[in-house]
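Since this is a predicted model, take the numbers as computed values, not measurements. One-based numbering, in listed order, for ligands and for the atoms of each.
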Amino acid sequence: MFAKSPIIEHMEKYNRIFENNQKWIEEKKATDAEFFEHLSKGQDPDFLYIGCSDSRVTAEDMMGAEPGDIFVHRNIANVVSNVDLNTMSVIEYAVAYLHVKHIVVCGHYYCGGVKAAMQPADLGILNPWLRNIRDVYRLHKDELNSITDEEARYKRLVELNVEEQCINVLKTAVVQRHYLDGGYPMVHGWVFDIHSGQLIDLKLDLDQKLKDIREIYDLGASSKA
Ligand code: CO
């Protein structure tokens, strides 16, 4: 027997995706014959999930969610940047048109994006993206620098990055307007612990955070105010 060439192995892996897809279709139809018929009617998700692109952090799987349950946006290190047309469009659409009830920003321990931002290095086109996380470090420099254990500091930056990205969600006009008028969407910060598989709700008091930042970032003057 000849050893398989890497190219053949990679093509087999690639082709397996379509075999898996066929199996998935059959499984879904076995439990609900009209599964895809229902899906094709439209979406009405209650959640917007903003998470990291990391291949190990799969939104639907870890939440036990089904197609149609969650509107998902993923990027490196779950950043919510106000000049990122992609993230801003996702939030606008999810809140103003899908009327999601919850927006979750989910980070994860051992996030490569957060790790990269902690290194003093020029990473080319990644610099402006990682700047968002370096800014989080600067805002919380005193707390982070007081943590001597490097892994603990890394984990804390993951949590603080989630917190700051939640605040960035609160800074958008569409979220302020809908939240102040109707009480939705509620914003939550989570961390996925890759070691245990556990989803941790950071239980951030984002109602208070919104009150704190409105002095400066007030865009959502309530129509009832
Ligand atoms: Co990550």
| query | Do the side chain of Asn127 and the main chain of Leu123 share a donor and acceptor less than 3.5 angstrom apart? | reply | yes
| remark: If you count every protein N, O or S atom closer than 2.8 Å to the Co ion (ligand 1), you should arrive at 3
| task | Answer yes or no: are there more than 12 heavy-atom neighbours, outside Lys28 itself, under 6.0 Å from its atom NZ? | result | yes
| task | Return each pair, listed once, that meets ring-ring contact (aromatic ring centres under 6.0 Å, His included) where at least one residue sits in residues 158-179; pairs must be two or more places apart or across chains. | result | none
| task | Kindly indicate, with the supporting measurements, whether the criterion side-chain hydrogen bond (donor to acceptor under 3.5 Å, both in side chains) is fulfilled by Asn168 and Glu164. | result | CA-CA 6 Å; Asn168 286 341; Glu164 290 300 330; over 6 Å; no
Which side-chain N or O atoms in residues 104-115 pair as donor and acceptor under 3.5 Å with protein atoms at least two apart or in another chain?
from: Tyr109; atom 1: OH; to: Glu159; atom 2: OE2; distance (Å): 2.5
from: Tyr110; atom 1: OH; to: Glu151; atom 2: OE2; distance (Å): 2.4

Run the side-chain donor-acceptor check on residues 34-42: report pairs under 3.5 Å with partners two or more places apart or on a different chain.
from: His38; atom 1: ND1; to: Glu34; atom 2: O; distance (Å): 3.4
from: Ser40; atom 1: OG; to: Phe36; atom 2: O; distance (Å): 3.3
from: Ser40; atom 1: OG; to: Glu37; atom 2: O; distance (Å): 2.7

